[in-house]
Number of protein chains: 2
Amino acid sequence: MTDEDADALFHALAHAHRRRIVDLVSAQPGITVGRLACYFDVSRIAVMNHLATLERAGLVLSEKAGASRRLYVNTTPIQAIYERWTNAFSGHWASHLLNIKRASEQAAQKEKADE
Amino acid sequence: MTDEDADALFHALAHAHRRRIVDLVSAQPGITVGRLACYFDVSRIAVMNHLATLERAGLVLSEKAGASRRLYVNTTPIQAIYERWTNAFSGHWASHLLNIKRASEQAAQKEKADE
DNA sequence: TCATAATGTAATTACTATATTACATAAGAG
DNA sequence: CTCTTATGTAATATAGTAATTACATTATGA
């Protein structure tokens, strides 16, 4: 996963409307743009912009169906997040919350070793 | 996890510099702000702003140590992401990539049923 | 073909984010 | 106390986001 991919992906998920879109499309695969927009207070255009952001991130796929456009969720990028971050922090994972005092002591020792 | 929490969290991760900060602080718990800033081309102030964003999201914790400030990663919010998204899409998880054609057929049937 | 309904594009506006430089505060060394 | 180093704050320029309204395109069906 490149930096650009990760930027697009996290940015796409960094807005409640877009996360809700993912949930709605996930629950109703093939929903059209217009029907989806009905769930929101903002304009259809705003929803379309959010969809463009989600498509850029690869989270939403679409296909034309006559005059409509059907929407689908792609979970692959979400899986990529999972692999990226759970592997990166597998060492910390067990404790769930970092113990600051212990880490602080370790850091103090490291400082001494560095000089 | 509230919408505000999720916004802060995903936004925090939506920048390569901030993700790199998380990696660096994770690898060197207790690193100081100044030392961390040395890893980046941008100014120390820019790095501090990124740190503020990460602290707002709960991804980075800090404690004063004399004139310095020691930094630590907190993995709890990342675990929250994991639970939020893997549970939400557990149904889709098995196939990894959504099969558009099948979903499209299902959607077409659903449309008929709705009218 | 013509009317209608769904989606797409353009231009605009208000707001937020990222980064900078310059200055201010706080702690440790001599 | 004073010099130095580390961190924090203020003001600011630039760029990117999120939303709007108005108009254009495309497809369906009488």
Side-chain angles (χ1 to χ4, degrees), chain A residues 3-4 6-22 25 28 30-57 59-72 104 107-108 111-112 114-115, chain B residues 3-4 6-22 25 28 30-57 59-72 104 107-108 111-112 114-115:
Chain A
D3 271 351
E4 286 75 32
D7 285 355
L9 184 49
F10 285 115
H11 174 244
L13 293 171
H15 194 288
H17 285 178
R18 286 193 291 265
R19 290 192 300 274
R20 189 152 161 242
I21 287 174
V22 173
V25 175
Q28 303 175 56
I31 190 172
T32 62
V33 175
R35 285 201 174 204
L36 177 68
C38 294
Y39 287 90
F40 296 88
D41 287 339
V42 298
S43 71
R44 177 183 57 87
I45 312 299
V47 173
M48 288 217 314
N49 286 336
H50 286 313
L51 281 171
T53 300
L54 288 164
E55 292 200 54
R56 246 175 273 128
L59 281 164
V60 165
L61 307 170
S62 68
E63 60 172 4
K64 286 289 275 190
S68 300
R69 203 171 116 221
R70 297 195 175 285
L71 304 168
Y72 307 94
S104 177
E111 285 287 296
K112 284 184 187 170
D114 283 2
E115 291 153 22
Chain B
D3 271 352
E4 287 75 31
D7 285 356
L9 185 47
F10 284 116
H11 173 245
L13 292 171
H15 195 289
H17 285 178
R18 286 193 290 265
R19 290 192 300 274
R20 189 151 161 242
I21 287 174
V22 174
V25 175
Q28 302 175 57
I31 190 173
T32 62
V33 175
R35 284 198 177 206
L36 178 68
C38 293
Y39 287 90
F40 295 88
D41 287 339
V42 298
S43 71
R44 178 183 57 87
I45 312 300
V47 173
M48 289 216 315
N49 285 338
H50 285 312
L51 281 171
T53 300
L54 288 165
E55 292 199 56
R56 244 176 274 128
L59 281 165
V60 164
L61 307 170
S62 67
E63 60 172 4
K64 285 289 275 189
S68 299
R69 203 169 116 222
R70 298 196 174 283
L71 304 168
Y72 307 94
S104 175
E111 285 288 297
K112 283 184 187 171
D114 283 2
E115 291 153 19

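Keep in mind it's a predicted model, so treat the numbers as computed, not measured. Every chain is numbered from 1, with letters handed out A, B, ... down the list of sequences.
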> Can you list the residues that meet the side-chain contact (heavy atoms from CB on, under 4.5 Å) rule with A:Ala16, with sequence neighbours excluded?
Replying inline: A:Arg19, B:Asp3, B:Asp7

>> With heavy-atom distances below 4.5 Å as the criterion, would you say the side chains of B:Arg70 and B:Ile31 are in contact?
In response: no

> Which whole-number value in Å describes the distance from B:Asp7 CG to D:dT17 P?
Replying inline: 15 Å

> How would you list, by chain and number, every residue that makes a ring pair (Phe, Tyr, Trp, His ring centres under 6.0 Å) with A:Tyr39, sequence neighbours excluded?
Replying inline: none

> What residues form a side-chain contact (heavy atoms from CB on, under 4.5 Å) with B:Ala46, not counting sequence neighbours?
Replying inline: B:Val42, B:Ser43

> B:His15: what forms a side-chain contact (heavy atoms from CB on, under 4.5 Å) with it, not counting sequence neighbours?
Replying inline: B:His17, B:Arg18, B:His50

>> Show me the pairs that pass salt bridge (charged side-chain N to carboxylate O under 4.0 Å, His left out) and involve residues 40-50 of chain A, at least two apart or across chains.
In response: none

>> According to ring pair (Phe, Tyr, Trp, His ring centres under 6.0 Å), who are the partners of B:His11, at least two apart in sequence or on a separate chain?
In response: none

>> Tell me every residue that passes side chain to side chain donor-acceptor pair (under 3.5 Å) with B:Asn49, counting only those two or more places apart in sequence or in another chain.
In response: none

> Which residues, if any, of residues 8-18 of chain A bring a heavy atom under 4.0 Å of DNA chain D?
Replying inline: A:His11, A:His15, A:His17, A:Arg18

> Who passes side chain to side chain donor-acceptor pair (under 3.5 Å) against A:Arg69, sequence neighbours left out?
Replying inline: A:Glu55, A:Ser62

> Is there side-chain contact between A:Ile21 and A:Leu71, with heavy atoms separated by less than 4.5 Å?
Replying inline: no

Write down the protein N/O and nucleotide N/O pairs, taken from nucleotides 2-8 of chain D, whose separation is under 3.5 Å; answer none if there are no such pairs.
unit_1: D:dT7; atom_1: OP1; unit_2: B:Val33; atom_2: N; d: 3.1
unit_1: D:dT7; atom_1: OP2; unit_2: B:Gly34; atom_2: N; d: 2.5
unit_1: D:dG8; atom_1: OP1; unit_2: B:Arg69; atom_2: NH1; d: 3.0
unit_1: D:dG8; atom_1: OP2; unit_2: B:Arg69; atom_2: NH1; d: 2.6
unit_1: D:dG8; atom_1: N7; unit_2: B:Arg44; atom_2: NH1; d: 3.2
unit_1: D:dG8; atom_1: O6; unit_2: B:Arg44; atom_2: NH2; d: 3.0

> Starting at the 5' end of DNA chain D, which residue's closest nucleotide do you reach first, A:Gly66 or A:Thr53?
Replying inline: A:Thr53

>> For a 4.0 angstrom threshold against heavy atoms of chain B, report the outermost contacting nucleotides of DNA chain C in 5' to 3' order.
In response: C:dA17 to C:dG28

